Amino acid sequence: ILSPGDRLLIKGGKIVNDDQSFYADIYVEDGLIKQIGENLIVPGGVKTIDAYSQLVVPGGIDVHTRLRVPVLGMSSADGFYHGTRAALAGGTTMIIDHVCPDAGTSLLAAYEQWRGAADSQACCDYSLHIDIPRWHESLKEELEALVKDKGVNSFLVFMAYKDKLQCSDAQMYEIFCILRDLGAIAQVHAENGDIIDEEQKRLLELGVTGPEGHVLSRPEEVEAEAVYRAITIAKQANCPLYVTKIMSRGAADILAQAKRKGTVVYGEPITASLGADGSHYWSKNWAKAAAFVTSPPISPDPTTPDHLTSLLSCGDLQVAGSAHCTFTTAQKAVGKDNFTLIPEGTNGIEERMAIIWEKCVVSGKMDENDFVAVTSTNAAKIFNCYPRKGRVAVGADADLVLWNPKATKIISAKTHNLNVEYNIFEGTECHGVPTVVISQGKVVVEDGNLCVTQGSGRFIPRKTFPDFVYKRIKARNRLAEVHGVPRGLYDGPVHDVLTSAKAVAPAPASRIAPCTGKAQAPPVRNLHQSGFSLSGRPGGPLKGGGCGRQGSCFVSQACVSGRAKPGNRNVVFAQ
Amino acid sequence: MSYQGKKSIPHITSDRLLIKGGRIINDDHSFYADIYLEDGLIKQIGENLIVPGGVKTIEANGRMVIPGGIDVNTYLQKPYQGMTAVDDFYQGTKAALAGGTTMIIDHVFPEPGSSLLTSFEKWHEAADTKSCCDYSLHVDITSWYDGIREELEILVQDKGVNSFQVYMAYKDLYQMSDSQLYEAFTFLKSLGAVILVHAENGDLIAQEQKRILEMGITGPEGHALSRPEELEAEAVFRAITIASRINCPVYITKVMSKSAADIIALARKKGPLVFGEPITASLGTDGTHYWSKNWAKAAAFVTSPPLSPDPTTPDHLNSLLACGDLQVTGSGHCPYSTAQKAIGKDNFTMIPEGVNGIEERMTVVWDKAVATGKMDESQFVAVTSTNAAKIFNLYPRKGRIAVGSDADVVIWDPDKVKTITAKSHKSAIEYNIFEGMECHGAPLVVISQGKIVFEDGNLHVNKGMGRFIPRKPFPEYLYQRIKIRNKVGGLQGVSRGMYDGPVYEIPATPKYATPAPSTKSSPAKNQPPPIRNLHQSNFSLSGAQIDDNNPRRTGHRIVAPPGGRSNITSLG
């Protein structure tokens, strides 16, 4: 794809990785980083870039974009071409886009559609997540095929969008178990769709039809609830979980707590939740208010961005995406009389790096290394493209950004590289901008000029079982085996159950699906060694002095050994 | 209340009692005074009371006199596969009285297919003929069917029921979806009822049960393994989320684990009206016994949510009960004999669920919470009686020693030491899950409806003397706040001029354009069309933000002033 003559020398910059920073020159050839060091010996006639007083960071990885989402037959305003162009302009050199299959399209067919579109249009490297709407058993084979042959290792399920995309708890458990066995990452769009559906009905009945209805019908508790539930399910299934679009304090706090308890869970705030403010839903300007419509909504609580950036800085949240999915005002206006019809999505692909720098680094919450971690390295580790991406090192892809922390830029719809009229970050002043962006060893941004080639982006396949995520899962799988208690067969009397079970409805017999002895070996009756004893012999994990009474008849009134001895009752309020 | 008239007359009248020299404990304060009881009511409280001659006098000798306990959660007639729990209303209320509980609120459990009203009448009749102490009834909603709203209305308006339980567990049986819960909560709130929730994630339990049976685990330990406490905590969280959307009070029955209790405690700090009810079993014992080698014993502990295998759970729950994060104690009493439990001897999912606790409740709470110094006597009265009376709208008829209240009174001896054992308990089951527990604090004398029913370890009860206590809706303790929040929490739209810019044309055949938000909600009913104001359109296609001078926006301007961004590590 590349002409082999692409050679670059980046001189005098400060290289910033997630673990350390150092001054060195970088020599790039054939799209790869070939040498790092001082006084490099390079061929003559190499183009040299002066990076003096600038940072050289690994190109950003935007883990969440939707550049081809079909809504009501419209496709989003920024396709792969415009989207990736804007990404590069903002310092992002790789995106992971979500494949969202239409009804009636198989996952594999949808994957091919996306590949076709992206291969011909994308200007930077890309990879794909697959969304799983409408789960059914037969999708399992498709998942296997995608993982084994197609280089996809991450799948998204929806807990919202009732009757369309929403998965039930049982389905999620099933999907998570499959993904765990495949070594993939389970992603979840966490909002309680049932409650949202009811709230939407209620608001429309109250006559609230504008964009404010969107946020009123999706309060942040509903997001937090779903995050909690997703974590519970993932923990039961021992599957790593990745929560996309963390938009509220509540959701972020739940996730942080779960991490403290040891759950393998990752949270992804997006540009909009880190840098925008949900009070605009109440704007008198309908078009502007509608531009902010995304799900989960941007929190109307103005302290949310500050809180989320703090959690991102301390490692409770790990990755920042953009969830870039834009629609023009005319497209948004499909929902002018009914907020539930407004196509959802905000911009953020271009602004992501600058917003994080501004909110986190300029404010002193994180250092430049943390910045690299949350914008690039962590994403590469979680989604298994590290160290090819996400690190400035010999052998890694030459996706590099020269970052000038002293330059200033004001975000505005007048100057952005997007096809939409409104920019939700309008007027934000960012101290820190990318001056030169190098993708696949080629300079694509220099002095504010974009120089991209449509279709030059390559698909980056990703392998399963990323170490960063799965090492712990594997260890836990081994530990998590449960064992039954070996007992002799119970041979006491059994109450007769009425056979006419018709009138007797609450028959817990049907409580579980009949799993008629799949692996359920009937307990072997050993007449010689019955563990069952009619005497009240305490056993099991219960330690302590037994008080077995010999020879009591069947109605054995077993003694539970005295647990609350007067002596050990002095722990007051020990929680 | 047709049953009531015929029985409130005979045995109670002319029962006169004087309790002398006791220390009266209410939930707010305690004081020394004598109490005179007549006709089943407290007639006088004070010193040197003037009472008719020949009154029977009880010398309390400075001992505590407390309001009789109220057990808010019993299942004395729960049907399972055609059988019922071994303690019926007679046996169960006898045990209750022996333990110092003078009122129970039993759960009516309609079998799917039978209506709430019929089941209510069935329970009402059974309890009227058998119960030895006053009782009231919760009604469980085991399915949400057409016509249920009318029945619920009748139950609330005419039958004296103000509390209903919904289930988040028991998939394909009683479990309700989130949408149904939302609908049920909304309706019950409009009736002014108390919403009880059995909180466990039934979907996940079903999956885990399948998995564990497939692994060949069939014993009672499978019950605990298939219902880990995270699933309880998750459901509690979800129930609270739904309730707080609707702004209705929610009451979690059977708080069995630390994490579920913590979720309730956290939620209360944020404002939702949530109440949590630990039961005798979760306060007094733990779930390690599920691993007992003795099947019959392990099975005796089977209840849902299960007892937590974490042995620090009782201590934690008692602490939360003491600090007010949990408010009420029930027993969840629903015992089955070993032979009945043995229906599930080869499959733990068939073991009928329920443990004992009606008799032990007061004693266990005293021993674990008061004798350890976590709570004082007034708090003890609050969590065993007063709070329940307030929540379920029985206060001050029940739950307080005051003139005019029912004469349900217990003389409590904090020094009495008693060992709980199946040999001496009043229940009909063979195993007592508190077997061998040595408890400090026990009732000396129990007075129900003004009559001494328990004295010197002897019961004097009459089958059927318990009265049904009807309860009115909208208990003030819960609904005062709800009403105010209703007023302040109104939602309003933004009044805008109509959008008159271009609108994208949607292709006519959106058949395969799936994620079509068009069906996202049902079309609005009374949705007034926004007024089109041609003179004042706010819409502009230029990137200029017309409402930039809107105060709302500038107020939250994104860039912090230099030096104003000091709280770098504040995560709160």
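This one's a predicted model, so the numbers in the text were calculated from it and none came from an experiment. Proteins come first, then strands; the chains are lettered A, B, ... in the order of their sequence lines, and each starts at number 1.
- Heavy-atom distances place the backbone of A/Tyr281, and not its side chain, under 4.5 Å from chain B.
- Residue contact with chain A, scored on non-hydrogen atoms closer than 4.5 Å, involves the backbone and the side chain of B/Pro220 alike.
- The shortest non-hydrogen separation linking A/Asn192 to B/Asp178 is ND2-OD2, 2.9 Å.
- A salt bridge is defined here as a Lys NZ or Arg NE, NH1 or NH2 lying under 4.0 Å from an Asp or Glu carboxylate O, and B/Glu208 with B/Arg211 meets this definition.
- B/Arg238 CZ to B/Asn201 CG: the interatomic distance, rounded to the nearest 0.5 Å, is 5.0 Å.
- For a residue to count as touching a neighbouring chain, one of its non-hydrogen atoms must lie under 4.5 Å from one of that chain's; by this rule B/Gln492 touches chain A with the backbone only.
- Using a 4.5 Å cut-off between heavy atoms, B/Leu204 contacts chain A through its side chain alone, with no backbone atom that close.
- For A/Asp169, the parts lying under 4.5 angstrom from a heavy atom of chain B are both the backbone and the side chain.
- Between A/Glu225 and B/Arg245 there is no salt bridge, since none of the side-chain N atoms of the basic residue sits less than 4.0 Å from a carboxylate O of the acidic one.
- Atom NZ of B/Lys78 sits in a crowded spot, with more than 12 heavy atoms from other residues, nucleotides or ligands closer than 6.0 Å.
- Residue B/Ile343 touches chain A through both its backbone and its side chain, counting heavy-atom pairs closer than 4.5 Å.
- Ion pairing of A/Glu205 with A/Arg202 is absent here, as no side-chain N (NZ or NE/NH1/NH2) approaches a carboxylate O to less than 4.0 Å.
- Taking A/Ile231, A/Val485, A/Ile195 one by one and counting their heavy-atom pairs under 4.5 Å with chain B, the maximum is reached by A/Val485.
- Between chain B and the residues A/Ser313, A/Ala224, A/Gly210, the most heavy-atom pairs under 4.5 angstrom are made by A/Ala224.
- A salt bridge links B/Asp315 with B/Lys374; the closest basic N to acidic carboxylate O contact falls under 4.0 Å.
- Of the listed residues (A/Glu221, A/Gln331, A/Arg229), the greatest number of heavy-atom pairs within a distance under 4.5 Å of chain B belongs to A/Arg229.
- Residues passing the side chain to side chain donor-acceptor pair (under 3.5 Å) test with A/His495, sequence neighbours excluded: none.
- A salt bridge does not link B/Lys210 with B/Glu214: every distance from a Lys NZ or Arg NE/NH1/NH2 to an Asp or Glu carboxylate oxygen is 4.0 Å or more.
- Most heavy-atom pairs under 4.5 Å with chain A: of the set B/Glu183, B/Gln207, B/Lys270, this distinction falls to B/Gln207.
- For chain B, no part of A/Lys332 is nearby; none of its heavy atoms comes within less than 4.5 Å.
- Proximity to chain B is limited to the side chain of A/Ile254, based on heavy atoms less than 4.5 angstrom apart.
- Among residues two or more places apart in sequence or in another chain, the side chain to side chain donor-acceptor pair (under 3.5 Å) test is passed with A/Glu198 by none.
- Of all heavy-atom pairs between B/Ala206 and B/Lys171, the closest is CB-CD, 3.9 Å.
- Between B/Phe109 and B/Tyr174, the angle of the ring planes goes over 60°, which puts this pair in the perpendicular group of the 30/60° scheme.
- With a threshold of 4.5 angstrom between heavy atoms, B/Ile263 approaches chain A through side-chain atoms but not through N, CA, C or O.
- For A/Pro305, no part lies under 4.5 angstrom from a heavy atom of chain B.
- Among the candidates B/Gln340, B/Lys341, B/Glu230, B/Glu221, the residue making the largest number of heavy-atom pairs closer than 4.5 Å to chain A is B/Glu221.
- With a 4.5 Å cut-off on non-hydrogen atoms, A/Pro211 touches chain B through its backbone and its side chain both.
- Contact annotation for B/Ser177: both backbone and side-chain heavy atoms come within less than 4.5 Å of a heavy atom of chain A.
- Contact of A/Ala289 with chain B is made through the side chain alone, with heavy-atom distances under 4.5 Å.
- In this structure, the portion of A/His483 lying under 4.5 Å from any heavy atom of chain B is its backbone and not its side chain.
- If you measure heavy-atom distances from B/Ser114 to chain A, you find no contacts under 4.5 Å at all.
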